[in-house]
Amino acid sequence: MRLGVLDVGSNTVHLLVVDAHRGAQPYPQHSRKSELRLAEHIDGDGDLGEEGADALVRAAISAREAADELDCDELLAFATSAVRDAGNSGKVLKRVAEEAGVSLNVLSGEDEARLTFLAVRRWFGWSAGNLVCLDIGGGSLELGAGPDEDPATAFSLPLGAARLTRKWFSSDPPPKGEVAALRDHVAKVLNEPAKRLLECGPPDRVVATSKTFRTLARLAGAAPSSAGPRARRVLNRNGLNQVHAFISRMASGNLAELDGVSVGRAHQTLAGAVVAAGAMDALGVDELELCPWALREGVILRRLDWIEG
């Protein structure tokens, strides 16, 4: 069957269309991104502003029309932290349903972690053993651990790269004191969740997914996207230290000129590096292996399981 997946995140709205059936790899047929930065449209009252809501409705209309043109059997639409955390999320969801004809399912943070873990497990298979999975988004950090397809332990923490950039940094680039304060905050928030993850046993494989980790790995020398999804990519602690050292002194405009860094996310790369380093330290690991599959693939795989199971 042909499935369309509409992912409404804190930074982008991404439509992915795949041909898939249970037991087979989903094959991408179409991909379209709109960079809305919804998290930056949250006002002082915690609501998604009118400009952000209007942009979301337009993006949903465009995605539905594209899904119809591509003969999708179903459009799976979901929203994560930006919409989930908005005080007026109910009103926004109603607008999207009525004006765009798209029913957005708001995922909980734990659901995000579990679906991402499922995608990573399916990509690496049972040979990955006891698996730990990390995913840095714009609004939150998802973590999961366990030996099965469903993680034994899963967390969602308010450590998204965009969220932390807005809250902790006052300039671009930020002062060293603000970076140090963020580092301490991240370590404190991660302390107990990391202990819980490690209660599942020593990890055989620690895997990272998301655009933030891919950007950091590319800056540290990992293969470019042109090498394809099956190229092995890793991010080690020494490489991350070097990346952190030079991007902490760069304005986002200059950083965006580097290979692998998108203009829309350049400003939050440093906060992402702080979270990545904090997670590696809390888990006591020196290397992360990157996975090209993440939440969208997890949603597809779970839907196929339900339909055909």
Side-chain angles (χ1 to χ4, degrees), residues 7 9-12 37-40 42 46 79-86 106-117 120 132-145 151 153-170 173-174 177-198 203 206-217 219 235 237 240-241 243-244 247-248 252 264-285 288 290-291 294-295 298:
D7 176 359
S10 297
N11 291 304
T12 61
R37 298 191 191 181
L38 292 179
E40 297 180 11
I42 300 296
T80 55
S81 111
V83 175
R84 180 172 67 234
D85 295 343
V106 180
L107 297 179
S108 70
E110 184 175 327
D111 283 341
E112 280 192 65
R114 292 186 177 280
L115 289 166
T116 301
F117 187 94
V120 172
V132 171
C133 178
L134 312 173
D135 185 343
I136 301 174
S140 57
L141 166 70
E142 274 67 52
L143 310 100
T153 304
F155 293 99
S156 180
L157 305 175
L159 295 178
R163 181 196 298 268
L164 296 178
T165 299
R166 292 193 310 274
K167 183 175 180 179
W168 290 85
F169 295 163
S170 63
E178 291 180 356
V179 178
L182 176 57
R183 188 183 304 116
D184 292 342
H185 171 72
V186 169
K188 182 178 180 181
V189 173
L190 278 168
N191 184 46
E192 286 303 318
K195 290 179 181 177
R196 291 281 304 280
L197 291 172
L198 294 174
V206 183
V207 176
T209 184
S210 74
K211 176 62 174 177
T212 296
F213 275 118
R214 290 197 299 273
T215 297
L216 295 171
L219 290 172
L235 176 63
R237 193 66 175 86
L240 181 57
N241 286 343
V243 168
H244 183 283
I247 68 173
S248 64
S252 59
R265 294 175 185 260
H267 67 293
Q268 64 190 51
T269 302
L270 178 57
V274 173
V275 175
M280 293 177 77
D281 291 345
L283 294 168
V285 299
L288 304 173
L290 271 67
C291 177
L295 178 58

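One-based numbering along the sequence shown.
- How far CG of N11 is from CZ of R265: 4.5 Å, rounded to the nearest 0.5 Å.
- G272 and T212 make their closest contact through CA-CG2, 3.8 Å (heavy atoms, listed as atom of the first residue, atom of the second, distance).
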Would L159 and I136 count as a side-chain contact (heavy atoms from CB on, under 4.5 Å) if you check the C-alpha gap in whole Å, the side-chain angles of each, and the deciding distance to 0.1 Å? CA-CA 8 Å; L159 295 178; I136 301 174; over 6 Å; no
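- Minimum interatomic distance between T153 and R196 (heavy atoms only, all atoms of both residues): OG1-O, 4.0 Å.
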With a cut-off of 3.5 Å and sequence neighbours excluded, list every side-chain donor-acceptor pair involving residues 160-168.
{"residue": "R163", "atom": "NE", "partner": "G139", "partner atom": "O", "Å": "2.6"}
{"residue": "R163", "atom": "NH2", "partner": "D85", "partner atom": "OD2", "Å": "2.7"}
{"residue": "R163", "atom": "NH2", "partner": "G139", "partner atom": "O", "Å": "3.1"}
{"residue": "T165", "atom": "OG1", "partner": "A161", "partner atom": "O", "Å": "2.7"}
{"residue": "R166", "atom": "NH1", "partner": "A162", "partner atom": "O", "Å": "3.4"}

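- In this structure a side-chain-to-backbone donor-acceptor pair under 3.5 Å is present from T209 to C291.
- Scanning for salt bridge (Lys or Arg N to Asp or Glu O under 4.0 Å) contacts around R84 gives E112, with sequence neighbours left out.
- Distance check, rounded to the nearest 0.5 Å: OG1 of T80 to CD of E142 gives 8.0 Å.
- Closest heavy-atom contact between S248 and P173: O-CB, 3.5 Å.
- The shortest side-chain heavy-atom distance between L283 and L198 falls under the 4.5 Å cut-off.
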Please test L295 against L107 for side-chain contact (heavy atoms from CB on, under 4.5 Å), starting from the C-alpha separation and ending with a verdict. CA-CA 11 Å; L295 178 58; L107 297 179; 4.0 Å; yes
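- Here D111 pairs with nothing under the salt bridge (Lys or Arg N to Asp or Glu O under 4.0 Å) rule; sequence neighbours left out.
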Please output the side-chain donor-acceptor pairs of residues 180-194 that fall under 3.5 Å, not counting sequence neighbours, one pair per line with the distance.
none

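- Here the CZ-CG distance, from R214 to L290, works out to 8.0 Å after rounding to the nearest 0.5 Å.
- With a 4.5 Å cut-off on side-chain heavy atoms, S140 and D135 do not count as touching.
- When all heavy atoms are compared, the tightest approach of L197 to F155 is CD2-CD1, 4.2 Å.
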Please determine whether side-chain contact (heavy atoms from CB on, under 4.5 Å) holds for the pair F169 and V179, giving the CA-CA distance in whole Å, both sets of side-chain angles, and the decisive distance to 0.1 Å. CA-CA 8 Å; F169 295 163; V179 178; 4.1 Å; yes
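- For E110, the salt bridge (Lys or Arg N to Asp or Glu O under 4.0 Å) partners two or more places apart in sequence, or in a different chain, are R114.
- Taking every heavy atom of both residues into account, F117 and C133 meet most closely at CD1-CB, 3.9 Å.
- The minimum heavy-atom distance linking A82 with G9 is given by the pair CB-O, 4.3 Å.
- Looking at heavy atoms from C-beta onward, P174 lies in side-chain contact with L270 at the 4.5 angstrom threshold.
- Note: Q268 CD to T215 OG1 = 9.0 Å, rounded to the nearest 0.5 Å.
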Check the pair T12 / K211 against side-chain contact (heavy atoms from CB on, under 4.5 Å), numbers first and verdict last. CA-CA 11 Å; T12 61; K211 176 62 174 177; over 6 Å; no
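- Looking at T269, its side chain does come within 3.5 Å of a backbone N or O of A266 through a donor-acceptor pair.
- Here S81 pairs with S10 under the side chain to side chain donor-acceptor pair (under 3.5 Å) rule; sequence neighbours left out.
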